[in-house]
Asks: 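Take a look at this one; I'll ask things after.
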Amino acid sequence: MDQLVIRGGRPLAGTVTASGAKNAALPLMASCLLTSEPLRLENVPRLMDVRTMARLLRHVGAEVTEEGPASLRLQAEAPGCPEAPYDLVKTMRASVLVLGPLVARLGRARVSLPGGCAIGPRPINLHLMGLERLGARIRLSHGYVEAETDGLTGARIAFDLQTVTGTENLMMAAALARGTTTLEHAACEPEVADLASLLNAMGAKIEGAGSATITIHGVPALRGATHRTIPDRIETGTLAVAAAITGGTVTIEECRPVHLEAVLVKLEESGAALTTGPGTLTVRGASRSRAVNVRTQPFPGFATDMQAQMMALMAVASGRSVITEAVFENRFMHVNELLRMGADITTAGNTAVVQGVPGLLGAPVMATDLRASASLVLAALAARGTTTVSRIYHLDRGYEALEEKLRLLGADIERVKA
Ligand code: EPU
């Protein structure tokens with residue numbers, strides 16, 4: 001198992017390029033199941049979750065080929081096995097994104113129930129409720145969801161809470177349903193809007209994606225298309241915090257600052273100087289950040305996927321900050337590891353009180369999930385001495401070449417075999 005060895009204390013400086021968004025690429029890839037014609041996706045990040053999705057799509061009967069360093073050709077001419085098996089779903093919950101497309105295209109699907117994960121229970125009841133509203137019959141059997149239909153029919157579906165992959169699954173299913181579907185209290189994340197723009201290029205009729213009400217006029221068939229994945233706003237935010245936490249100056253190119261405004265507001269409030277252009281962001285870190293309070297929320301609020309990274313910054317800020325995790329139930333797994341580096345953090349329920357300390361000390365720490373891993377890397381960049389981050393397969397799931405990008409910016413970071 002690989003580890004990262006990081007010697008901290010160097011202000012980062014320079015320019016890096018943002019990769020395509022993991023959480024956009026995964027549903028974009030799944031949508032190849034909706035048509036027999038080929039899809040071409042550009043700006044697809046090279047990371048483990050994308051490879052897992054490719055494996056899953058091949059298992060279902062699609063062809064997935066790399067056409068260049070960041071582009072994929074996907075074609076599901078005649079998918080024959082409408083199943084997402086347990087061993088793939090347990091490594092990547094986003095596997096559930098094949099459920100909607102398979103039911104819509106083939107009239108049946110069998111997808112392993114994801115179960116809990118490192119950040120909480122994460123049920124999929126809303127995905128299933130929505131499919132039932134569209135006319136699918138759902139059965140749970142031996143740990144699998146089995147869905148069947150003689151044809152989906154448009155319906156009004158109101159979510160009681162906003163779910164990103166739930167909205168995406170139902171948008172894909174409804175694209176091929178008979179009649180009109182309305183999704184109310186839908187997720188507004190940019191990744192949902194990106195998926196709608198691919199589906200529309202494939203011939204779907206979707207309005208309102210990116211807002212809380214999405215209307216989908218079903219069509220009998222979809223065609224192939226070419227689409228460029230949006231930049232990864234969480235990777236951009238993580239690199240921005242890397243600049244802030246080291247007191248460095250970093251420019252991120254090919255990003256979309258409008259997709260992370262809530263994070264940028266908090267970085268500015270904490271003392272960083274920001275310059276944004278339509279596709280670039282420059283962050284100049286303060287010599288010491290100030291404490292700010294953060295509450296995670298669905299888009300356009302502060303992303304839960306940036307909470308752990310912001311906590312690393314607050315761990316070395318001056319003053320006390322209160323961080324509230326309002327999206328997931330158990331997303332503070334990084335806290336105990338930050339404590340090992342000398343942070344002063346107490347948690348009660350979904351709230352963490354972070355008393356900033358003047359500096360962290362390098363230590364051996366363990367990654368527990370994707371964003372927790374990123375926060376440990378950030379803390380290590382600021383810490384005095386050497387930090388070894390183990391179990392970095394979590395990081396490899398969702399960041400493309402993070403350590404190479406950080407090294408390019410002057411970080412002392414290397415990957416070693418444990
Ligand atoms: N929820 C339910 N029932 C459902 C679906 C969701 O109760 O049927 C709850 C969840 O338990 C959670 C909340 O609703 O408390 C929001 O979850 P959501 O469904 O929006 O999360 P997701 O779609 O499973 C995506 C991202 C996550 C990101 C969340 C929130 C992808 C592939 N994953 O997950 O990304 O944290 O939205 O923004 O898009 C990550 O990249 O590290 C990551 C975890």
Side-chain angles (χ1 to χ4, degrees), residues 4 6-25 42-47 69-70 190-191 194 228-290 292 294 299-300 302-303 305-306 308-310 312-314 316-317 371 373-375 377-383 395 398-414:
L4 285 180
I6 301 165
R7 282 167 285 270
R10 297 182 176 201
L12 300 190
T15 300
V16 275
T17 305
S19 296
K22 165 181 85 83
N23 288 347
E42 293 163 4
N43 204 29
V44 178
R46 291 172 86 105
L47 37 84
E191 292 76 14
D194 199 36
R228 187 172 172 80
T229 315
I230 54 169
D232 197 312
R233 61 195 166 99
I234 306 302
E235 184 205 33
T236 303
T238 303
L239 292 166
V241 173
I245 204 168
T246 61
T249 301
V250 170
T251 297
I252 303 149
E253 290 185 330
E254 290 177 42
C255 66
R256 288 219 196 137
V258 290
H259 287 170
L260 63 155
E261 274 178 343
V263 169
L264 298 185
V265 164
K266 286 294 163 184
L267 281 177
E268 238 169 2
E269 221 185 291
S270 75
L274 308 182
T275 317
T276 57
T280 67
L281 165 67
T282 299
V283 181
R284 189 151 42 83
S287 55
R288 186 165 183 205
S289 299
R290 290 188 294 271
V292 294
V294 170
F299 191 83
F302 190 100
D305 290 343
M306 279 299 301
Q309 299 89 315
M310 197 66 183
L313 180 63
M314 292 301 99
V316 291
R371 309 304 172 186
S373 320
S375 82
V377 170
L378 294 170
L381 292 173
L395 201 67
Y399 285 94
E400 180 174 60
L402 184 65
E403 86 251 25
E404 279 152 41
K405 292 189 183 186
L406 293 173
R407 202 176 305 119
L408 203 70
L409 297 172
D412 184 345
I413 176 168
E414 63 178 324

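Computed from a predicted model, the values in this text were never measured in an experiment.
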Asks: Which distance, rounded to the nearest 0.5 Å, do you find between the OG1 of T15 and the CD1 of I252?
Replies: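 Here the rounded value is 9.5 Å.
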Asks: Would you call L378 and L313 a side-chain contact if the rule is heavy atoms closer than 4.5 Å?
Replies: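 Heavy-atom side-chain distance check fails, nothing below 4.5 Å.
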Asks: Check whether any side-chain heavy atom of L402 sits under 4.5 Å from a side-chain heavy atom of L4, and report yes or no.
Replies: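 A side-chain contact is absent here, since even the closest heavy-atom pair is not under 4.5 Å.
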Asks: Identify, with sequence neighbours excluded, every residue that meets side-chain contact (heavy atoms from CB on, under 4.5 Å) alongside A379.
Replies: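 In terms of side-chain contact (heavy atoms from CB on, under 4.5 Å), with neighbours along the sequence ignored, A379 is linked to A312, L338, M341, L360.
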Asks: Ignoring hydrogens, what is the shortest heavy-atom contact between A21 and P231? Give both atom names and the distance.
Replies: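 Heavy atoms of A21 and P231 come nearest at CB-O, 3.6 Å.
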Asks: Quick check: does any side chain N or O of R371 sit under 3.5 Å from a backbone N or O of A308, one acting as donor and the other as acceptor?
Replies: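 Not at all, since once roles are kept as given, no pair shorter than 3.5 Å links the two residues.
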Asks: In chain order, what residues pass the side-chain contact (heavy atoms from CB on, under 4.5 Å) check against R407, with sequence neighbours excluded?
Replies: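 Result, side-chain contact (heavy atoms from CB on, under 4.5 Å) vs R407: E403, E404, I413.
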Asks: Could you pull out all donor-acceptor pairs under 3.5 Å where a side-chain atom in residues 260-270 meets a protein atom, sequence neighbours excluded?
Replies:
| unit_1 | atom_1 | unit_2 | atom_2 | d |
| --- | --- | --- | --- | --- |
| K266 | NZ | E269 | OE1 | 3.3 |
| K266 | NZ | N293 | O | 2.8 |
| S270 | OG | L267 | O | 2.7 |

Asks: Evaluate the side-chain contact (heavy atoms from CB on, under 4.5 Å) criterion for residues D305 and N23: first the C-alpha distance (whole Å), next the side-chain angles of each, then the deciding distance (0.1 Å), finally the verdict.
Replies: CA-CA 11 Å; D305 290 343; N23 288 347; 3.7 Å; yes
Asks: Measure across G277 and P257 and return the closest heavy-atom pair with its distance rounded to 0.1 Å.
Replies: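 Between these two residues, the closest heavy atoms are O-CG, 3.5 Å.
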Asks: Which pair of heavy atoms, one from I230 and one from A24, lies closest together, and at what distance?
Replies: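 Taking every non-hydrogen atom into account, CG1-CB, 3.8 Å.
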Asks: Who passes salt bridge (Lys or Arg N to Asp or Glu O under 4.0 Å) against R46, sequence neighbours left out?
Replies: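 Only E66 meet the salt bridge (Lys or Arg N to Asp or Glu O under 4.0 Å) criterion with R46.
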Asks: Identify the heavy atoms of G9 and P11 that sit nearest to each other, and give their distance.
Replies: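 Shortest heavy-atom separation between G9 and P11 comes out as O-CD, 3.7 Å.
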Asks: Between side-chain atoms of residues 232-242 and protein atoms elsewhere (two or more places apart, or another chain), which donor-acceptor pairs fall under 3.5 Å?
Replies:
| unit_1 | atom_1 | unit_2 | atom_2 | d |
| --- | --- | --- | --- | --- |
| D232 | OD1 | I234 | N | 2.9 |
| D232 | OD1 | E235 | N | 2.9 |
| D232 | OD2 | K22 | N | 3.1 |
| R233 | NE | E191 | OE1 | 3.3 |
| R233 | NE | E191 | OE2 | 2.8 |
| R233 | NH2 | E191 | OE1 | 2.9 |
| E235 | OE1 | S19 | N | 2.7 |
| E235 | OE2 | K405 | NZ | 2.6 |
| T236 | OG1 | D232 | O | 2.7 |
| T238 | OG1 | I234 | O | 2.7 |
| T238 | OG1 | Q309 | NE2 | 3.2 |
| T238 | OG1 | Y399 | OH | 2.8 |

Asks: Can you pull the side-chain hydrogen bond (donor to acceptor under 3.5 Å, both in side chains) pairs that have at least one residue in residues 246-259, sequence neighbours excluded?
Replies: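 Checked against side-chain hydrogen bond (donor to acceptor under 3.5 Å, both in side chains) - neighbours excluded - the pairs reaching residues 246-259 are T251-T282.
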Asks: Can you give me the closest heavy-atom contact between L12 and G410, atom names plus distance?
Replies: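 Looks like CD2-C, 4.2 Å.
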Asks: So which heavy atom on V44 is nearest to which on A25, and how close?
Replies: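 Closest approach of V44 to A25, heavy atoms only: CG1-CB, 4.3 Å.
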